[in-house]
Amino acid sequence: MSVLWIRQVRVKANVPFFSTGLCYPLEWRRRSWSMIRSTVLAAILVVSATAGLGDSAMTPKMKPATKLTWSYVADTVMGGVSKGQSDLGSENGRDFIRLTGEVSTENRGGFIQVRTMIESLGQEDQGLVLKVRGNGERYFIHLRTRATRFPWQYYQAVFETEPVWREVSLPWSAFKPSGKLLPKRVSPETVRSIGLVAFGRDHSADVSLAEIGVY
């Protein structure tokens, strides 16, 4: 975002600036027109800068995932048998958090995840942006909000992975409630936590998250 500096122009109070310039020396008239031109130019620049800010509103605001505090959670808390782990890694100057393991649907389980608590998002935010890499499996983002009062409640959106880093955008409309008791649509200002989840079927999980943000 460009920073625009505008020099303020001071006009002496005892100079009748809006009076006809015919009764003042030529030097004063020249100064007056110079100040008018400076003021008009400054106004144009301010309008242009404001328009530029509006144009950049869709630029993703990303944050390194490793700068957030993550906790690992698996279905073992409810009797499941999935096994996994989370680690911090670095490769070619890129830091990331990595979730790996074996997801099993035995004993009514079927998930492993890492989750981070966040501050409320802005109403103007339109969705999440992820920088991810994986083993070709599909993974999920789970959101918990002020409306998800029970452990089994969440909003879920799916994304696909590839062995190379790619950016994934998830609009709020992509997040579906886990049950009928939740509002149908996510309100970003109510989001409390974000989870990166391997979920719902027997498979080997290997997914990495380098950056996360909103757009």
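- Here the side chain of D206 pairs no donor or acceptor atom with the backbone of N135 at under 3.5 angstrom.
- Hydrophobic clustering keeps V197 apart from V168 (ILVMFWY residues linked when any side-chain heavy atoms are closer than 4.5 Å, directly or through intermediates).
- Under the 4.5 Å side-chain heavy-atom criterion for Ile, Leu, Val, Met, Phe, Trp and Tyr, F111 and V158 are members of the same hydrophobic cluster.
- A donor-acceptor pair is defined here as one N or O able to donate and one able to accept, closer than 3.5 Å; such a pair exists between the side chain of S82 and the backbone of S104.
- Note that CZ of R144 and CZ of R146 are 13.5 Å apart. Values are rounded to the nearest 0.5 Å.
- Looking at heavy atoms from C-beta onward, R201 lies out of side-chain contact with V103 at the 4.5 angstrom threshold.
- Looking at every heavy atom in both residues, V129 comes nearest to E167 through CG1-CG, 3.4 Å.
- Cluster membership check: Y155 shares its hydrophobic cluster with L170, using side-chain heavy-atom separations under 4.5 Å among Ile, Leu, Val, Met, Phe, Trp and Tyr.
- Between F199 and H142, the ring center distance clears the sub-6.0 Å criterion.
- Linking Ile, Leu, Val, Met, Phe, Trp and Tyr residues whenever their side-chain heavy atoms come within less than 4.5 Å leaves V81 and V73 in two separate clusters.
- In this structure, the separation between CG on L130 and CG on L209 is 6.0 Å, given to the nearest 0.5 Å.
- Here the CG atom belonging to L196 is positioned 9.0 Å from the OH atom belonging to Y139, to the nearest 0.5 angstrom.
- Residues V207 and E137 form no side-chain contact, since every pair of their non-hydrogen atoms from C-beta on lies 4.5 Å or further apart.
- Within the model, atoms OG1 of T190 and CD of Q123 stand 10.0 Å from one another, a figure rounded to the nearest 0.5 Å.
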Before you tell me yes or no, could you show the steps for I194 and L143 under side-chain contact (heavy atoms from CB on, under 4.5 Å), namely the whole-Å CA-CA distance, both residues' side-chain angles and the distance that decides it to 0.1 Å?
CA-CA 5 Å; I194 299 175; L143 302 180; 3.7 Å; yes

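- In this structure, P177 and L182 approach most closely via the heavy-atom pair CB-CB, 3.8 Å.
- In this model, a donor atom of one side chain and an acceptor atom of the other lie less than 3.5 Å apart for D95 and S90.
- To the nearest 0.5 Å, atom OG of residue S208 and atom NZ of residue K131 are 13.5 Å apart.
- The nearest pair of heavy atoms linking S169 to Y215 is CB-CE2, 4.1 Å.
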Kindly indicate, with the supporting measurements, whether the criterion side-chain contact (heavy atoms from CB on, under 4.5 Å) is fulfilled by W165 and E211.
CA-CA 10 Å; W165 292 105; E211 297 178 70; over 6 Å; no

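- Proximity of a side-chain donor or acceptor of D75 to a complementary backbone N or O of G110 within less than 3.5 Å is detected.
- Listed here is the closest heavy atom pair of Q113 and G195: OE1-CA, 3.8 Å.
- A 4.5 Å side-chain heavy-atom check between I112 and Y72 finds at least one atom pair inside the cut-off.
- The structure places CZ of R138 at 11.0 Å from OG1 of T161, a figure rounded to the nearest 0.5 Å.
- Side-chain heavy atoms closer than 4.5 Å link hydrophobic residues (I, L, V, M, F, W, Y) into clusters, and following such links, possibly through other members, connects L128 to F159.
- A donor-acceptor pair is defined here as one N or O able to donate and one able to accept, closer than 3.5 Å; such a pair exists between the side chain of S178 and the backbone of Y154.
- Results of the salt bridge (Lys or Arg N to Asp or Glu O under 4.0 Å) test with R133 over E91, E160, E162 single out E91 as the only residue that passes.
- Using modelled atom types, one side-chain atom of W70 and one backbone atom of A65 make a donor-acceptor pair closer than 3.5 Å.
- Here the closest heavy-atom approach between residue T116 and residue T69 is recorded as OG1-O, 2.9 Å.
- Between the side chain of R192 and the main chain of M117, no donor-acceptor pair closer than 3.5 Å is present.
- Between F175 and W172, the ring planes are tilted. Angles from 30° to 60° get that label.
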